[in-house]
S.K.: 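Following this message is one structure expressed as structure tokens.
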Amino acid sequence: MIDFIKQPWPWYFSGTMIVLIMLILLFFGKSFGFSANLRTICSMAGAGKKIKFFDFKWKDQVWNLMFLAGSILGGFIATHYLSEPAPIKLSEATIADLKQLGVKFDGGLNPADLFSLEAMKDLKTLGILLIGGLLVGFGSRYAGGCTSGHAISGLSNLQLPSLVAVIGFFIGGLIMTFLIMPFIF
Amino acid sequence: MKFIKYILAGTLFGIIMFKSEAVSWYRIQEMFRFQSFHMYGIIGTAIVLGVIAVFLIKKFKIKDISGNPILFHHKDKAYRKYLIGGTIFGLGWALTGACPGPMFVNLGSGYAGMAVVILGALLGTYLYGVMKNKLPH
């Protein structure tokens, strides 16, 4: 079994396991939504004193912060104990497109040129990551949820607002990929 | 100790996100360029099984661990915020290759740059809180 776990997982197994997470949280009496943690952290840091949006009982969300802590641990465990060094099987077309864009495919999950400690010396890279993160944080709160809350939890419950949000995710993603990224990389 | 089960669920989530490669900047680029079925297969499988599971939970009135009925919240019907907010989210998702969950999974994986993305995401969340009343919803 460990051999099966160590190789990259096929999409149907991955998708099934993600639903399992949603069901585990439902069974615990909670709902699956990761970006709520970002609001909770702002609130814990004292943002509620000045801004009403952050003035809520964040202690009710401690369970979700524990879930967040677990996700960091999971990333660590998977990286060090549950993977093989083989490069990911990215499509040749994507490798070629990214090369043209100026981003090298290094076989890892994320380009070291963008995310390694070494890469943080470059101000432009820092700016890209900070602004990108800012858009994700702002957008997920504006839309009331991210991929877990809308694409998984919301669509599973056939919520039309979630479908609108997911369509928005793609509008934004396509604009960034095809219209903006060629100018910033 | 009551929080242990959430840490374990989060750990499993982190492993799943990593092993499915849904935390990969490259895979997200591949998805937005429609060059592989991989991400669509993952999300599609999750939605189809999720719809069936939610239907069964409602039909058989399944209860949670404390014996309370499992409830589903309806999202409020104000479409502008979903479309505008979703689009802004998408811009960031394609650029960083990470939605909020994967940011933290990748941090555990050792990608230091994700700390900058997380800082940005916290700033963005804060900024939304500041501007909330001035934005169309």
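Note on naming: letters A, B, ... go to the chains in the order of the sequence lines (proteins, then strands), and numbering restarts at 1 for each one. All values derive from a computational prediction rather than experimental measurement.
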S.K.: Show the nearest heavy-atom pair for residues I77(A) and T11(B), with the distance to one decimal.
M.R.: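 Closest approach of I77(A) to T11(B), heavy atoms only: CD1-CG2, 3.8 Å.
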
S.K.: Looking at the rings of Y6(B) and F67(A), which for Trp means the six-membered one, are their centres under 6.0 Å apart?
M.R.: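 Aromatic pair excluded; centres sit 6.0 Å or further apart.
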
S.K.: At a heavy-atom separation under 4.5 Å, does L26(A) approach chain B through its side chain, its backbone, both, or neither?
M.R.: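 L26(A) touches chain B through backbone and side-chain heavy atoms alike.
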
S.K.: Side chain from CB out, backbone as N, CA, C, O: work out which of these in K63(B) comes under 4.5 Å of a heavy atom of chain A, or both, or neither.
M.R.: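 The backbone, not the side chain.
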
S.K.: Within the side chain of E30(B), is there an N or O that forms a donor-acceptor pair under 3.5 Å with the backbone of S91(A)?
M.R.: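 Judged by distance alone, yes, a pair lies under 3.5 Å.
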
S.K.: Can you say whether M120(A) sits under 4.5 Å from chain B via the side chain, the backbone, both, or neither, judging by heavy atoms?
M.R.: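 For M120(A), the contact with chain B is made by the side chain alone.
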
S.K.: With a 4.5 angstrom heavy-atom cut-off, could you sort out which part of I16(B) is near chain A: side chain, backbone, both or neither?
M.R.: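 Backbone plus side chain of I16(B), per the 4.5 Å heavy-atom cut-off to chain A.
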
S.K.: By a 4.5 Å heavy-atom criterion (distance strictly below it), what part of K19(B) contacts chain A: side chain, backbone, both, or neither?
M.R.: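 Both backbone and side chain.
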
S.K.: Looking at N110(A) and W25(B), would you say the former's side chain and the latter's main chain have a donor-acceptor pair under 3.5 Å?
M.R.: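 Side chain of N110(A) to backbone of W25(B), a donor-acceptor pair under 3.5 Å: yes, one is there.
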
S.K.: Whether the S109(B) and T79(A) side chains hold a donor-acceptor pair (N or O, under 3.5 Å, no angle test) is what I'd like checked.
M.R.: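 Yes, side-chain donor-acceptor contact under 3.5 Å.
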
S.K.: Without swapping roles, check the side chain of K75(B) against the backbone of G154(A) for a donor-acceptor pair under 3.5 Å.
M.R.: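 Not confirmed, K75(B) side chain does not pair with G154(A) backbone.
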
S.K.: Under 4.5 Å heavy-atom distance to chain A, tell me which part of I57(B) shows up: side chain, backbone, both or neither.
M.R.: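 Side chain only.
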
S.K.: Taking the six-membered ring for Trp, is the centroid-to-centroid distance between F3(B) and W63(A) below 6.0 Å?
M.R.: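 Centroid distance F3(B)-W63(A): not below 6.0 Å, so no.
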
S.K.: Is R39(A) close enough and on-axis enough to Y126(B), meaning under 6.0 Å and within 45°, for cation-pi?
M.R.: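 No, R39(A) and Y126(B) do not form such a contact.
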
S.K.: For D106(A), does its backbone N or O pair with a side-chain atom of Y26(B) as donor and acceptor, under 3.5 Å?
M.R.: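 A pair under 3.5 Å: yes.
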
S.K.: For M39(B), which atoms come within 4.5 Å of any heavy atom of chain A: side chain, backbone, both, or neither?
M.R.: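 Neither the backbone nor the side chain of M39(B) comes within 4.5 Å of chain A.
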
S.K.: Measuring heavy-atom distances to chain B, does L98(A) have an atom under 4.5 Å in its side chain, in its backbone, in both, or in neither?
M.R.: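 Just the side chain, heavy atoms under 4.5 Å.
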
S.K.: Between V48(B), L135(B), L123(B), which shows the greatest number of heavy-atom pairs under 4.5 Å with chain A?
M.R.: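 Looking at each option in turn, the highest pair count goes to L135(B).
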
S.K.: By a 4.5 Å heavy-atom criterion (distance strictly below it), what part of L179(A) contacts chain B: side chain, backbone, both, or neither?
M.R.: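 The answer is neither part of L179(A).
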
S.K.: What part of N106(B) gets closer than 4.5 Å to chain A, counting heavy atoms only: side chain, backbone, both or neither?
M.R.: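 Answer is side chain: those atoms of N106(B) sit under 4.5 Å from chain A.
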
S.K.: Non-hydrogen atoms of chain B under 4.5 Å away: do they reach the side chain of S148(A), the backbone, both or neither?
M.R.: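 Neither part, no heavy atoms under 4.5 Å.
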
S.K.: Whether the Q29(B) and D97(A) side chains hold a donor-acceptor pair (N or O, under 3.5 Å, no angle test) is what I'd like checked.
M.R.: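 The criterion, which ignores hydrogens and geometry beyond distance, is not satisfied for D97(A) and Q29(B).
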
S.K.: Tell me if the aromatic rings of F34(A) and F13(B) count as close, with their centers under 6.0 Å from one another.
M.R.: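 So the answer is yes for these two rings.
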
S.K.: Do T45(B) side-chain atoms and Y12(A) backbone N/O form a donor-acceptor pair below 3.5 Å?
M.R.: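 No: the side chain of T45(B) does not pair with the backbone of Y12(A).
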
S.K.: May I ask you to check whether F32(B) and F178(A) place their ring centres under 6.0 Å from each other?
M.R.: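 No - the distance between ring centres of F178(A) and F32(B) does not fall below the 6.0 Å cut-off.
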
